[in-house]
There are 2 protein chains.
Amino acid sequence: MNDRNGNRNGTHPKIEDVARLAGVSTATVSRALNATGRVREETRLAVERAVAELGYTPNFGGQALASKRTNTIGAIIPTMENAIFARALQALQETLSESNVTLLVATSHYSPQREEAQLRSLLARGVDGLALIGIYRSEIAYRLLDTRRVPFVILWSDPAQSTHVTIGFDNQAAASDVAERVIAAGHRQIAMISGIRDGNDRAEARVAGVAAAMQAHGLVLPNNWLIEIPYTLDDGEQAARQILTKTPRPTAIVCANDVIAAGVLRAARELDIDVPSQLSVTGFDDIELARAVSPPLSTVHVPHRRIGSTAARLLMDWIITGNRPNSVTFPTAFMARESLQRLEVAVT
Amino acid sequence: MNDRNGNRNGTHPKIEDVARLAGVSTATVSRALNATGRVREETRLAVERAVAELGYTPNFGGQALASKRTNTIGAIIPTMENAIFARALQALQETLSESNVTLLVATSHYSPQREEAQLRSLLARGVDGLALIGIYRSEIAYRLLDTRRVPFVILWSDPAQSTHVTIGFDNQAAASDVAERVIAAGHRQIAMISGIRDGNDRAEARVAGVAAAMQAHGLVLPNNWLIEIPYTLDDGEQAARQILTKTPRPTAIVCANDVIAAGVLRAARELDIDVPSQLSVTGFDDIELARAVSPPLSTVHVPHRRIGSTAARLLMDWIITGNRPNSVTFPTAFMARESLQRLEVAVT
DNA sequence: CAACAGAATGTAAGCGCTTACATTCGGTTT
DNA sequence: AAACCGAATGTAAGCGCTTACATTCTGTTG
């Protein structure tokens, strides 16, 4: 069963095998491998040699069970198909990987029920920490998080609106800023295509921001000029069609994100409405798409990658030190591009 | 320390606590919870009640250690920022989630070294299965996979080129088809912007496909008309600039993916070269971007989501039954859109 | 009604690792 | 040379779960 080195063939070597081959105890092997506790350099090398010879890798279950840590953090996002989340997740993963922590990913499709289910699943997987999107979720979900005492951060929302550790920006202010600029460009007939607000604080805040800015200028956002749709190109195109084929027609459409705005551009193109001379369009997010379409979109730059990497850093910090970190608010920036133009036509 | 129900306060309840409260043994609790072995309905309910009352969730480490399964599968992709991988990953995750399996995600940035590092990390995390992109990786990586006996599937490559279980399509044939169509449209001066071929069999195959089709028609792909760049919009734009600002100028540019093609469109726009009347452009992948840009891109439709969901299904099958499944080859389809146009100018 | 079979449950031995505590080792100090 | 001390290492007790095997029920059969 055992060869001359003490290798049990067939099964994977365990720490005991390494210990035997290196001529030390399992405790020393563990200490040498995890750099916890002092080990003479010479011993460390012997252990390393044994590990290499046997091709040993620690068993995850054993390690997790004994140490009560999985070196795994989980993220639940609406969908990876939205570039903003993909970017943040990418940065999150890269940063975690520097600490030798792996990332469990789950998606909710913007559904609180699915998020809760995924949350249970990740908690059962023993994640050491969690990254979640937005502040809206069921009491149950928050309670789950609370009783498990798992460090978690909330991304994308405005820290000012949240009692938890959150890494995001002021969606409402950013949206207000967009509207202000559209208004400053002379537009008065302004429509908005929003994401689904139900259960989505960011979508809600963006509409609120636009509405507030308009109101401040004595303008109103009529009901039929505020359309709520899923964040897809096709939905954006369709919504734009609905707005643009009726009279009167807005001179500008403010969109809740770049994908929707790209859909609006496509609708305009097909309806032979020139952007920006006949219609101004703004997006939100500043993803690659914003500069790929023609004309390039005026939009709000959001530091997606920094949100992700900051999340990783705060979480690791929290997990290691045990101290809850402070929230982080990022600034956003309006990116003026061709899709928004000063209104030339005199409107009485 | 224990309250009247036997709840030890502070710490999380364990299976023993549930057993005590339900008045059964830990074995029965385990059987009831995992639906393994027969348990009287009445007993099952008692266990469920105890679980609910205590808010019990199984400890992951203990479970993994005892059962030798983690219900976790890993995926290593180049980057989530490329929509094709994000889409496949999304589908993979969704499908896995139906089997109550969670997904560990790691990224390699197209670097074999990083892939190997991530592979080690995921193997150490005890994944039950793995999804990898492409067939090129170090001997060491393959050996690692082999000695661990972890089921793994390869995505995106051509199953015909691989000895492992792979889920993909014939990249070379698809690329040849594109070139054929460009040639059939009358183009003779054709340039190609490729992805980095080193370590990437798909990029390699696509160039080979285009070159083969051209050769079959007595055409050559001159060195200065074949540019290799990373898959980004900016790189695509820059490469296109390089090609388009010299004389002679190609009448068509075949791109290795849609993102690069979008970059070419942007370069053309800035150089005042009309697409498609003065320049035809083709992409590859058929991501949303292809229909967002103007003119919409002629491209190759690849069933990204199906690749992902199929990967999940095959992996689960393999893990559960222990039988290695067969590879799957998907068909691709050329999507004729405006960016490719018949060459009108008579070229002698 | 005894004998028996299958269903339901219990007992207890690990799974492979970490870590508190105990022990040994090799100088230093007195 | 005895006493002492910190560094290095060893011992062994869990961590919480699954599961092979043993035992106890329960209903059926001859």
Side-chain angles (χ1 to χ4, degrees), chain A residues 6-8 10-48 50-51 54-72 100 123-126 128 148, chain B residues 6-8 10-48 50-51 54-72 100 123-126 128 148:
Chain A
N7 295 6
R8 296 156 317 132
T11 46
H12 293 306
K14 35 186 180 178
I15 201 170
E16 201 191 315
D17 301 318
V18 176
R20 194 179 317 123
L21 183 58
V24 297
S25 73
T26 60
T28 299
V29 174
S30 174
R31 280 188 287 253
L33 260 31
N34 302 312
T36 139
R38 315 198 52 83
V39 175
R40 206 156 24 114
E41 181 62 8
E42 197 183 315
T43 323
R44 206 181 54 69
L45 289 174
V47 169
E48 243 167 35
V51 165
L54 297 175
Y56 168 80
T57 28
N59 173 285
F60 183 62
Q63 206 164 304
L65 182 56
S67 69
K68 302 185 179 310
R69 287 250 277 136
T70 57
N71 288 310
T72 300
N100 204 30
L123 287 174
R125 257 342 136 273
D128 295 335
R148 294 306 212 75
Chain B
N7 295 6
R8 297 156 316 133
T11 46
H12 294 305
K14 36 187 180 176
I15 200 169
E16 201 191 314
D17 301 319
V18 176
R20 192 177 320 120
L21 183 56
V24 296
S25 73
T26 61
T28 299
V29 173
S30 174
R31 279 188 287 253
L33 259 32
N34 302 312
T36 137
R38 316 198 51 83
V39 174
R40 204 153 27 110
E41 181 61 10
E42 195 183 316
T43 323
R44 206 182 55 68
L45 289 174
V47 169
E48 241 166 38
V51 165
L54 297 175
Y56 167 80
T57 28
N59 173 285
F60 182 62
Q63 205 165 300
L65 182 55
S67 70
K68 300 181 178 314
R69 288 249 277 135
T70 58
N71 287 311
T72 299
N100 206 27
L123 288 174
R125 247 2 130 258
D128 294 334
R148 294 307 211 73

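Just so it is clear: chains get the letters A, B, ... in the order the sequence lines come, proteins before strands, and each one is counted from 1. In what follows, every heavy atom counts, from backbone to side chain, and hydrogens, waters and symmetry copies are set aside.
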With a 4.0 Å cut-off, would you call B:Lys14 and B:Asp17 a salt bridge?
->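 No, this pair does not count.
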d([atom1], [X]; [atom2], [N]) in whole Å:
| X | N | atom1 | atom2 | value |
| --- | --- | --- | --- | --- |
| B:Asn59 | C:dC15 | CG | C1' | 13 Å |
| A:Ile15 | D:dG10 | CD1 | C1' | 13 Å |
| B:Arg69 | D:dG16 | CZ | P | 23 Å |
| A:His12 | C:dG16 | NE2 | C1' | 13 Å |
| A:Arg40 | D:dG6 | CZ | C1' | 14 Å |
| B:Asp17 | D:dC17 | CG | C1' | 13 Å |
| B:Leu45 | C:dT9 | CG | P | 12 Å |
| B:Glu42 | D:dC25 | CD | P | 15 Å |

Would B:Glu48 and B:Leu45 satisfy side chain to side chain contact (heavy atoms under 4.5 Å, CB included), going step by step from the backbone distance to the final call?
-> CA-CA 5 Å; B:Glu48 241 166 38; B:Leu45 289 174; 3.8 Å; yes
Quick one: label B:Thr36 by what it contacts on the DNA or RNA (base, sugar-phosphate, nothing), any heavy atom closer than 4.0 Å.
-> nothing
Does [N] have its OP1 or OP2 closer than 4.0 Å to a side-chain nitrogen or oxygen of [X]?
| X | N | value |
| --- | --- | --- |
| B:Lys68 | D:dC17 | no |
| B:Ser30 | D:dT18 | yes |
| A:Arg38 | D:dA8 | yes |

B:Pro58 has its side chain closest, among D:dC17, C:dT18, C:dA7, to D:dC17
Return the 5'-most residue of the pair B:Phe60, A:Ala27 with respect to DNA chain D, ranking by each residue's nearest nucleotide.
-> A:Ala27
Counting only distance, no hydrogens or angles, is the base of C:dG10 paired donor-acceptor with the side chain of B:Arg31 under 3.5 Å?
-> yes
Closest contact, heavy atoms only, B:Pro13 versus B:Leu54 = CG-O, 3.5 Å
Find which nucleotide of DNA chain C each of A:Thr57 and B:Gly37 is nearest to by heavy atoms, and output the residue with the more 5' nucleotide.
->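 In this pair, the answer is B:Gly37.
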Between B:Thr28 and B:Leu65, whichever has its closest DNA chain C nucleotide further toward 5' is B:Thr28
Are the side chain of A:Thr72 and the backbone of A:Thr70 linked by a donor-acceptor contact shorter than 3.5 Å?
->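 Such a contact is found between A:Thr72 side chain and A:Thr70 backbone.
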Evaluate the criterion side chain to side chain contact (heavy atoms under 4.5 Å, CB included) for residue pair B:Leu33 and B:Val47; output intermediate values, then yes/no.
-> CA-CA 8 Å; B:Leu33 259 32; B:Val47 169; 3.7 Å; yes
